[in-house]
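See structure below.
We're numbering straight along the sequence, starting at 1.
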Amino acid sequence: MFAGFLTVGGFLLSLKTFILIKLKENVYDRPQYIKRFEKLRKLDSSLQIYAPLRNLSDFLFWSVLATIGAAIAQLSIGLIGIQWFVYAAIWVSVFALCVLVASLLLIKTSLNDWFDFIGEDSRKDDDS
């Protein structure tokens, strides 16, 4: 489990910026998203245009931290022969997996928006 968490943590760390920049360019800077945001902002003036992207960035940061923390826990306290330390290492691993799944769901939501926008663009091209 140490190697798996370390690999996932390093992978997310290296791709975090790339993921966020691509989502910003292809989802949050699109006219369709801005129109949707303006409609929602009329209902709630406290909304910020890049808040979902900022939330994803924060969640990816916590995912990296949780996975690297889980790798360290596996190698350090997980090897201590006391039962409670082993349970703690397992708990940290389960927590890291939960944070990873939540991050994947947030990314999936943004990708669904992206695919919707691509579909709208292709329908516009077909109509013209």
Side-chain angles (χ1 to χ4, degrees):
M1 286 190 353
F2 165 76
F5 281 117
L6 191 61
T7 302
V8 169
F11 180 72
L12 278 177
L13 183 63
S14 66
L15 283 181
K16 179 182 177 236
T17 303
F18 176 75
I19 290 169
L20 295 174
I21 288 172
K22 281 301 182 185
L23 285 176
K24 180 189 176 295
E25 291 173 353
N26 295 308
V27 176
Y28 298 99
D29 286 343
R30 282 192 178 252
Q32 299 98 319
Y33 177 80
I34 294 171
K35 286 179 188 176
R36 182 192 307 169
F37 172 77
E38 291 300 328
K39 287 179 186 177
L40 291 174
R41 186 140 192 191
K42 290 177 185 176
L43 300 173
D44 184 1
S45 62
S46 67
L47 292 177
Q48 295 181 2
I49 192 162
Y50 294 117
L53 194 61
R54 182 178 302 234
N55 291 339
L56 179 59
S57 173
D58 292 343
F59 226 87
L60 286 173
F61 169 78
W62 289 111
S63 296
V64 168
L65 194 63
T67 54
I68 292 174
I72 291 169
Q74 296 301 313
L75 194 60
S76 59
I77 64 173
L79 296 177
I80 297 174
I82 299 172
Q83 185 176 9
W84 292 106
F85 287 125
V86 174
Y87 290 151
I90 292 171
W91 183 86
V92 171
S93 298
V94 170
F95 175 76
L97 288 174
C98 291
V99 173
L100 279 172
V101 168
S103 296
L104 288 174
L105 291 174
L106 284 173
I107 291 171
K108 173 102 170 85
T109 302
S110 293
L111 288 176
N112 286 343
D113 287 340
W114 187 0
F115 295 139
D116 290 343
F117 295 151
I118 291 171
E120 288 176 19
D121 289 345
S122 69
R123 282 192 295 275
K124 286 179 187 176
D125 290 342
D126 291 341
D127 291 341
S128 25

Is there a side-chain contact between Y28 and I49 in this structure, where contact means two heavy atoms from C-beta onward sitting under 4.5 Å apart?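 No, every pair of side-chain atoms sits at 4.5 Å or beyond.
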Please name all residues satisfying side chain to side chain donor-acceptor pair (under 3.5 Å) with [X], sequence neighbours left out, ordered by chain then number.
| X | value |
| --- | --- |
| K42 | none |
| T67 | none |
| S45 | none |
| Q32 | D121 |

Y50 and I21: same hydrophobic cluster, using ILVMFWY side-chain contacts below 4.5 Å?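 Unlinked, Y50 and I21 end up in two clusters.
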Indicate if L56 and L111 have the same hydrophobic cluster label, given that clusters are the connected sets of ILVMFWY residues with side-chain heavy-atom separations under 4.5 angstrom.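 In one cluster with L56: L111, yes.
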By salt bridge (Lys or Arg N to Asp or Glu O under 4.0 Å), which residues pair with [X], not counting sequence neighbours?
| X | answer |
| --- | --- |
| D29 | K24 |
| E25 | K22 |
| R54 | none |

Using atom types as modelled, flag every donor-acceptor pair under 3.5 Å from a side chain in residues 5-14 to any protein atom, sequence neighbours excluded.
| residue | atom | partner | partner atom | Å |
| --- | --- | --- | --- | --- |
| T7 | OG1 | A3 | O | 2.7 |
| S14 | OG | G10 | O | 3.3 |
| S14 | OG | F11 | O | 2.9 |

What do you reckon, is CZ of F59 surrounded by more than 12 foreign heavy atoms closer than 6.0 Å?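 More than 12 heavy atoms, drawn from other residues, nucleotides or ligands, come within 6.0 Å of this atom.
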Could you walk me through whether D113 and R36 pass side chain to side chain contact (heavy atoms under 4.5 Å, CB included), step by step? CA-CA 11 Å; D113 287 340; R36 182 192 307 169; 3.4 Å; yes
Under 30°, 30 to 60°, or over 60°: which ring-plane class applies to Y87 and W84, parallel, tilted or perpendicular?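 Aromatic pair Y87/W84 classed perpendicular.
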Determine whether W114 and L23 satisfy the following criterion, side chain to side chain contact (heavy atoms under 4.5 Å, CB included), listing intermediate values before the conclusion. CA-CA 8 Å; W114 187 0; L23 285 176; 4.3 Å; yes
Enumerate the residue pairs fulfilling side-chain hydrogen bond (donor to acceptor under 3.5 Å, both in side chains) with a member in residues 94-105, sequence neighbours excluded, ordered by first and then second residue.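 Every pair satisfying side-chain hydrogen bond (donor to acceptor under 3.5 Å, both in side chains) with a residue in residues 94-105: S63-S103.
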Can you tell me how far the [atom1] atom of [X] sits from the [atom2] atom of [Y], to the nearest 0.5 Å?
| X | Y | atom1 | atom2 | value |
| --- | --- | --- | --- | --- |
| L106 | D58 | CG | CG | 10.5 Å |
| L20 | L15 | CG | CG | 10.5 Å |
| L60 | N55 | CG | CG | 11.0 Å |
| F115 | I118 | CZ | CD1 | 6.0 Å |

Could you walk me through whether V92 and I72 pass the side chain to side chain contact (heavy atoms under 4.5 Å, CB included) test, one step at a time? CA-CA 10 Å; V92 171; I72 291 169; over 6 Å; no
Connected-component partners of F61 among ILVMFWY, side-chain separation under 4.5 Å: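 When side chains under 4.5 Å apart are linked, the cluster holding F61 also contains W62, L65.
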If you link ILVMFWY side chains whenever their heavy atoms are less than 4.5 Å apart, which other residues fall into the same cluster as I77? By chain and number, please.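 Taking Ile, Leu, Val, Met, Phe, Trp and Tyr as members, I77 shares its hydrophobic cluster with I80, I82, F85.
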Residues that L105 engages under side chain to side chain contact (heavy atoms under 4.5 Å, CB included), provided they are two or more places apart: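 With neighbours one apart ignored, the set is V101.
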Could you report the tightest heavy-atom contact between A96 and A66, atom names first, then the distance?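 In this case the closest contact between A96 and A66 is CB-O, 3.5 Å.
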Provide the closest heavy-atom pair for A89 versus Q74 in the form atom of the first, atom of the second, distance.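 Smallest interatomic distance, heavy atoms only, reads O-NE2, 3.0 Å.
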Keeping the roles fixed (side chain from Y33, backbone from N26), state whether a donor-acceptor pair exists under 3.5 Å.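 Pair absent, no side-chain N/O of Y33 close to backbone of N26.
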Test L53 against Q48 for side chain to side chain contact (heavy atoms under 4.5 Å, CB included), laying out the working first. CA-CA 10 Å; L53 194 61; Q48 295 181 2; over 6 Å; no
